[in-house]
Number of protein chains: 2
Amino acid sequence: MEVQTSQNTADKIKAVSLSLFARKGFEGTSLAEIASRVGIKKPSLYAHFKNKEDIFLAVIDKVMADYIAYFETVANKLVNRQAEEKLFILLKENTDYLRDEELGLIWKRMMLFPHETLKEKLKEKFLASEEKMTGTILAILKELKEDGIIQENTEEVLDAYYCLMDGTFEQVFYYPEIEHKRRLQHSWQVFWKGIKR
Amino acid sequence: MEVQTSQNTADKIKAVSLSLFARKGFEGTSLAEIASRVGIKKPSLYAHFKNKEDIFLAVIDKVMADYIAYFETVANKLVNRQAEEKLFILLKENTDYLRDEELGLIWKRMMLFPHETLKEKLKEKFLASEEKMTGTILAILKELKEDGIIQENTEEVLDAYYCLMDGTFEQVFYYPEIEHKRRLQHSWQVFWKGIKR
DNA sequence: GTCTATACAACGATAGAC
DNA sequence: GTCTATCGTTGTATAGAC
């Protein structure tokens, strides 16, 4: 196995494109700017990718893979923790990860304004990661219920947790980190009081 | 005062543009398509607006004005209601209004991915409506606190309420109406339990 | 794999006749 | 106020030499 000392051109294209697609969207990003930032001429892009959509899909694949990999490391952080802590860590780590501007932005763009012709492909990829998340959450809720810490109505708790997650996710982009932290803390406290026995 | 029997051309342009900007964004919308849907030729647009940005700003102005007007009618619905109900109605009406696909989409786009050169102008317009909202919420919370119904920590309650609002707003776009209604109900129940004395 | 050169369509915008 | 005609630019994409 060879050691990769530096990014090859295809990877560099993907990295540059991620940044541009995140900030400017699919239509707002031109191949000319991508090529320029990579340091090659426009036609050279076609030696690595079939066309613009092909570049976009490669970027999305990487974003998804990175997110799922990150989720695995978070799941590892949860072992040997109290169930209550697990629920909070899951929430906090998620927003911390997506706070990374470019990652969070492209994630948001994908989910809210998917490019028309790529809608179906994106939805598939997204559903896989969502199922994983729900499985993890449900396991924690089961634990909490068996210990008699939270109420019995799992669906209510799960719906409220996802709403909490979506709300804090949204707010990552409006507010500076320090303010967001306070809002997250407060929202969590109310949520926790709301689901306790 | 004359009675307007049908839309004039400028209004038609704004209506068509709202729909296109909402679904395709600023860059994704072409003047050719706007003109085509209005039923005129491209250069005729310039008899009504200075350029593309000018059309976009006119659309945004209308969206904002409509939203503020709607908020007024909601505020009227609140009188003679219990404070708890007020808080819920405010939440529900807001998502109901933004559920209108085109309105909600362009609102979301504006706030999350404002067009670079229009960022400042949009922010101003948005802040005005947000202040109004916060004022209304705080008045309700004060009422609830004085009656000893909810806890004393107003900042915590306000932060959690906004998170609830942002979360349900986000979910308007993911889930079909019937599922969203259930999620809203559940999230609200947990929130309410969480802020009660 | 990278380049120059170029094709070709679509873009926003303007000129000027009616 | 609407049109035809057209400008200049930029967009994606391809051909073919090195």
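Here is the naming used below: chain letters follow the sequence lines, and residue numbers restart at 1 for every chain. A quick note: this is a predicted structure, and the numbers were derived from the prediction, not measured.
Rounded to an integer number of Å, the gap from Leu31(B) CG to dA9(C) P is 20 Å. Distance NZ (Lys41(B)) to C1' (dA15(C)): 18 Å, rounded to an integer number of Å. Across the protein-nucleic acid pair, Glu27(B) atom CD and dA10(C) atom C1' stand 15 Å apart, rounded to whole Å. Distance Lys50(A) NZ to dT12(D) C1': 14 Å, rounded to the nearest Å. Protein atom NZ of Lys42(A) is 11 Å distant from nucleotide atom C1' of dT9(D), rounded to whole Å. Atom CD1 of Ile34(B) is separated from atom P of dA10(C) by 17 Å (rounded to the nearest Å). Counting to the nearest Å, the C1' atom of dG1(D) and the CZ atom of Phe49(B) are 14 Å from each other. Here the P atom of nucleotide dT14(C) and the CG atom of Asp54(B) are 12 Å apart, to the nearest Å.
Regarding contacts with the backbone of dA10(C), every side-chain N or O of Ser30(B) stays at 4.0 angstrom or more from both OP1 and OP2. Of the side-chain N and O atoms in Thr9(B), one or more sit less than 4.0 angstrom from OP1 or OP2 of dT2(D). Checking the phosphate oxygens (OP1, OP2) of dG12(C), a side-chain nitrogen or oxygen of Lys52(B) falls inside 4.0 Å.
When each of dT14(C), dG11(D), dT2(D) is scored by its nearest atom to the side-chain atoms of His48(B), the top-ranked nucleotide is dT2(D). Looking at the side chain of Ile40(A), the nearest of the listed nucleotides dG1(C), dC3(C), dA13(D) is dC3(C).
When each of Tyr161(B), Trp192(B), Trp188(B) is paired with Phe88(B), the ring-ring contact (aromatic ring centres under 6.0 Å, His included) condition holds for Trp188(B) and for no other.
For Lys108(A) and Phe113(B), the positive end is not near the middle of the six-membered ring at less than 6.0 Å and at most 45° from its axis.
Here the straight-line distance linking atom CG of Asp54(A) with atom CG of Leu57(A) works out to 6.5 Å at 0.5 Å rounding.
Inter-residue side-chain proximity for Asn94(B) and Met133(B) is flagged as met; some heavy-atom pair is nearer than 4.5 Å.
Across all strands, Ser44(A) comes closer than 4.0 Å to base atoms (heavy-atom distances).
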